[in-house]
Amino acid sequence: MPDSIDFKSIERKWQEKWSEARCFQSNIQKGKQKFFITFPYPYVNGAPHVGHSYSCFRADVYARFKRMQGFNVLFPQGFHATGEPILGAVERLRKGDEKQIKSFKDYGVTDAQLEEFKKGPEQVARYWMQRWRDDLTLSGISIDWRRSFITTDLTPTYSRFIAWQYRSLKKKGYIVQGTHPVVYCPHDDSPTGDHDRLVGEGESPIEYTILKFSMPFENESLILPAATLRPETIYGVTNIWLHPKTPYVRAKVDGELWLLSEPAVRKLSDQGKKVKRIGPLDLSTLFGKTCINPVTNEDVLILPASFVSSENATGVVMSVPGHAPFDYVALRDLKRKIEKSTTNSLALEGIEFPRTILKQILEIHPLGLISVKGYGEFPAKDAVEKLKIYSQDERIKLDKATSEVYKHEFHQGQLSKRCGKYAGLTVSSCKEELVADFKGRQLASNIWEITDEVICRCTTKCHVKILENQWFLKFSDADWKQQVHSHLKHMRIFPEDARIQFTNTIDWLQNKACARKSGLGTKLPWDNQWIVETLSDSTIYMAYYTLSRIVNEHHLTAEHFTDEVFDHIFLAKNTPQEALKNSTLSPKLLEELRKEFEYFYPVDVRSSGKDLLQNHLTFFLFHHAALFDSRHWPQGIAVNGYVTVEGEKMSKSKGNFIPLRNLLNEYGTDLTRINMVAAGEGLDDADWKTETIAPFRRLLEFLYSTIQHPPTGGDGYGREEELLESRLNRCKRDSMEAYDRFEFRTASQCVFFESCHALRAYLRLSSKVNVGLMRRSLEDIVRMIAPLTPHMAEELWSMLQHEDFAACASYPSFNNEKIREDLEQEEKVLTDVASDVARILKLAKVKKPRLVRLFTAPPWKRRLLQTAINRAKETGYFDYASVLAVALKDEELKQRVPEVQAYIKTLAKAVNYYKTNPLPELDESQLLAQQKDVLERLLSCPVEVWAAENVPADKDKDGKARRASPFKPAIYVE
RNA sequence: GCAGGGGUGGCAGAGCAUGGUCAAAUGCGCAGGGUUUAGGACCCUGUCCCUUAGGGGUUCGGGGGUUCAAAUCCCUCUCCCUGCACCA
């Protein structure tokens, strides 16, 4: 029984020893190759949980592996406070928000600490930063803490660094100014990101075209701005819809008189238009009148419809009954009502219309302007009938019909001759041109709307605002993209499948707003009202790690770091004298900073979750390409999937956001690490499952007790020893490759299961253990598991009487020549025999055999197999006839044609296999004879081995010997 | 809609690039046996269906194709997951 291992005290012990020995502090070492690995700095508004720990453990496993491969590994860790959430949390705490309080308390925060948080964001950030640091230390992450820092003004030198970055980008023309539509809360007076929304996550701004219908009104021209996503249908407009009951107003919009729904006034004025509200407008003066279609110049009636929403766009809708299901149904409803009545006037939607107008309404007919396969002249009609829509109140069905019709018309639809110069074109191909054309002729304008309702956390309804003078990173720049593309080709990407996603992201990236007006962060150096936005200030900070040790140790301040200093350190653009022109930094430190950067840069690999692939990781490449010499661009990126817990996505509501510390307390670090890191591979999600911990624990206990109570024996070296060496060398080779490719699930299989199995099999089979080999094997295994379970490895390493650290030992090297395919094939023959025997025993219902007799195949069978294989290699397939022909030439075989025929027929499968795999060289009879005692032990009965061709008749009464084939001896049991 | 990934045995998860010892690694679960004072752990065996001698049958989301041979290649259908930005 293994002594119960106290993982936790072992872990604390080694963490202290590592720290005392400064194992993970990385300094320039001349002649030793460096390896720089990073894990994205976490945002400090909480403690690490399972999700974070996955990428982080992966980075650490790799760091440790590389260290054991002899690299001078730099693994630093900083923290991130830029942005809104910390401010938001403070605000919510001050308001006494229950959710916020709970979310902090779940991580073990005390009431006193919560009070402290209310003082401001710095208290929050610093607290969580320390908590992260503690948890990572408890996790045994091999970080050089001397280089730690936190973003924003809390680290003025870092802000200086960001200022340098942005000034440099601007000089190079990568920062441009422009306008940008955002979802906006009028109450908070700020953009409303996904996380700030009560309703409407994932909704985004979309641009409607406004078509300016017009009519005379009090000696002026009144514009009816019909908003649409389908401007091409202007050619099929039959009327205008207004809501009969909601208030409309008159407003001056860029000098014109417009009719607008009340909410549209604010929207348009937030979207860069000059809007002046004049006053309410009584719609009864409009209904039944006509206005002019700006494109076709046709007169169209103005009619009431209750499906029109004053909340959406302008509140003015153009009716295209041939192609818009809503319009079709609304018009149909009106006409039905009119047809049923005989009175002189009639109220429609609460508006009284005289007979003359009613007659005009009856004369309105849908117009067909887009022809689509699968639909008749009026697709809207077809769709409405197909879905059996009876009234304009059936919104869900109508929405479905609308999107269906639109999808087909957009991609396949062809505009008809009604559409003037666009006739014959598809909608998708001419839409842009058409809009530009109408806008150019002042017939059209635009309004932004949100794809669906968005309500801010403050419960205010949001709309789209166009931000003016927004600063952008010019990711659309073709040359910039090209640089990143060509660099990507030279990078290592783990897993390789992720490369295509980077390629696509680089192409897809557009200009990105890089500054915000609120939140924590570094001010844009040339425009103080803006703060550099979160994702934009975290793109090249890895370079700052090369400076931060010196900054921290020498208490350097922002004043020391001018742009000239950074230019010198990072780019060697100027002489030290020029660099220090406006700085009080000492020349000696300047030189040290420069050397540190030159030595450690570039980043060799960055390990991160796939959620950052399309933003941070790609920005990281762009910014490096823009700012640094190409030899300092990132060398590798490792991406991993998300973490699920017991098969379920993590979420606050499910309460399965397990804090990392809980796991550490429960299972200890090593088991948490290995169970996490082996839970997934590649881009797949990693599932944290408690039940998979036990097998790892057992294996560790097995190693522990084997080392604690080593088996006694001698120094004999034979087949069993060779086999063990073969298997372990295979493990060493495979694990090294797996580690190197960030495939830690595979690596863990190899170093835990396979190597321990090999060791166990050896202990079981060998009659006298080779003590020296045993020790060497254990040393190999301990070092193989060291990156995954570093603390236990350290303990075991010391139990093996090593004075140095396993963490700094070298990864065991493998010897290809010791990998003995032949031995392992032989082993397979033996286990196959054993399992065949077991099978027979079961079928024959023999419980305990008294005797097992094995008959090895006669040489002619092997010869024929070889013949068939050779033939198959020539022709590519198993050729029964030609093998038989060869056999018939043989005088001996001619005597027993039926047996030969039967045998050849059984060869098909084996031949197909050996066509591409080497045929074992081994001599079966010799092998079985040699291993007789092993087989006897396995089968626990006496075993006899006979060559089939020499077996005396009384030893083979049932004629079993004839069944023998190469590597599959015939078996007789009694 | 655009882009990327995926559907394998009771479960998790390999294998599919280079088609063939693939009824499919490994782990978990389950069953039987051994060991043990007992439990745990450990070791052996089995775990799609049929079969009293190692045999046969049907499987890798559905359908079709290529091939002597397909979980693996091609086509098609279907279902699922993820991202789509100013947000960390």
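Proteins come first, then strands; the chains are lettered A, B, ... in the order of their sequence lines, and each starts at number 1.
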With heavy atoms under 4.0 Å as the rule, sort P42(A) into base, sugar-phosphate or nothing. nothing
Y43(A) vs H80(A) aromatic rings, parallel, tilted or perpendicular, using cut-offs 30° and 60°? perpendicular
Per atom distances to the H757(A) side chain, the nearest of U26(B), G54(B), A88(B) is U26(B)
Notebook entry, point to check: Which part of the nucleic acid, if any, lies within reach of T692(A) when heavy atoms closer than 4.0 Å are counted: base, sugar-phosphate only, or nothing?
Noted result: nothing
**OP:** Hey, can you tell me if Y166(A) and H623(A) have their rings parallel, tilted or perpendicular (30° and 60° cut-offs)?
**Re:** tilted
Exercise for the section: Would you classify R963(A) as touching base, sugar-phosphate or nothing, given that sugar-phosphate means primed atoms plus P, OP1 and OP2, and contacts are heavy atoms under 4.0 Å? Expected result: base
Q) Base, sugar-phosphate, or nothing for H80(A), non-hydrogen atoms under 4.0 angstrom? A) sugar-phosphate
message: At 4.0 Å (heavy atoms only), tell me whether L683(A) reaches a base, stays on the sugar-phosphate, or touches nothing.
response: nothing
Discussion item. I'd like to check I637(A) versus L621(A) (side-chain heavy atoms, cut-off strictly below 4.5 Å). Are they in contact?
Written reply: yes
Counting the atoms with a prime plus P, OP1 and OP2 as sugar-phosphate, which does K689(A) contact under 4.0 Å by heavy atoms, base, sugar-phosphate, or nothing?
sugar-phosphate
request  = Answer with base, sugar-phosphate or nothing: what part of the nucleic acid does V911(A) contact at a heavy-atom distance below 4.0 Å?
outcome  = nothing
* Describe the nucleic acid contact of L535(A) in one word from base, sugar-phosphate, nothing, applying a heavy-atom distance below 4.0 Å. => base
| said: Under 4.0 Å, counting only non-hydrogen atoms across every strand here, what does S536(A) touch: a base, just sugar-phosphate, or nothing? | reply: nothing
Classify the nucleic acid contact of Y642(A) as base, sugar-phosphate or nothing, counting any heavy atom under 4.0 Å across all strands shown. sugar-phosphate
Trace of the side chain to side chain donor-acceptor pair (under 3.5 Å) decision for Q614(A) with T505(A): CA-CA 6 Å; Q614(A) 276 155 310; T505(A) 306; 4.6 Å; no
**Message:** Taking the six-membered ring for Trp, are F622(A) and F620(A) closer than 6.0 Å centroid to centroid?
**Reply:** no
Looking for any heavy atom pair under 4.0 Å, which part of the strands does A515(A) touch: base, sugar-phosphate only, or nothing? nothing
*asked:* Please determine whether any donor N or O and acceptor N or O are separated by less than 3.5 Å between the side chain of R839(A) and the base of G55(B).
replied: yes
- Pick base, sugar-phosphate or nothing for P969(A), based on heavy-atom distances below 4.0 Å to the nucleic acid. base
Checklist entry - Hey, does E84(A) reach any base, or is it just sugar-phosphate, or nothing, if we go heavy atoms under 4.0 Å? => result sugar-phosphate
Give one of base, sugar-phosphate or nothing for N504(A), where a contact means two heavy atoms less than 4.0 Å apart. sugar-phosphate
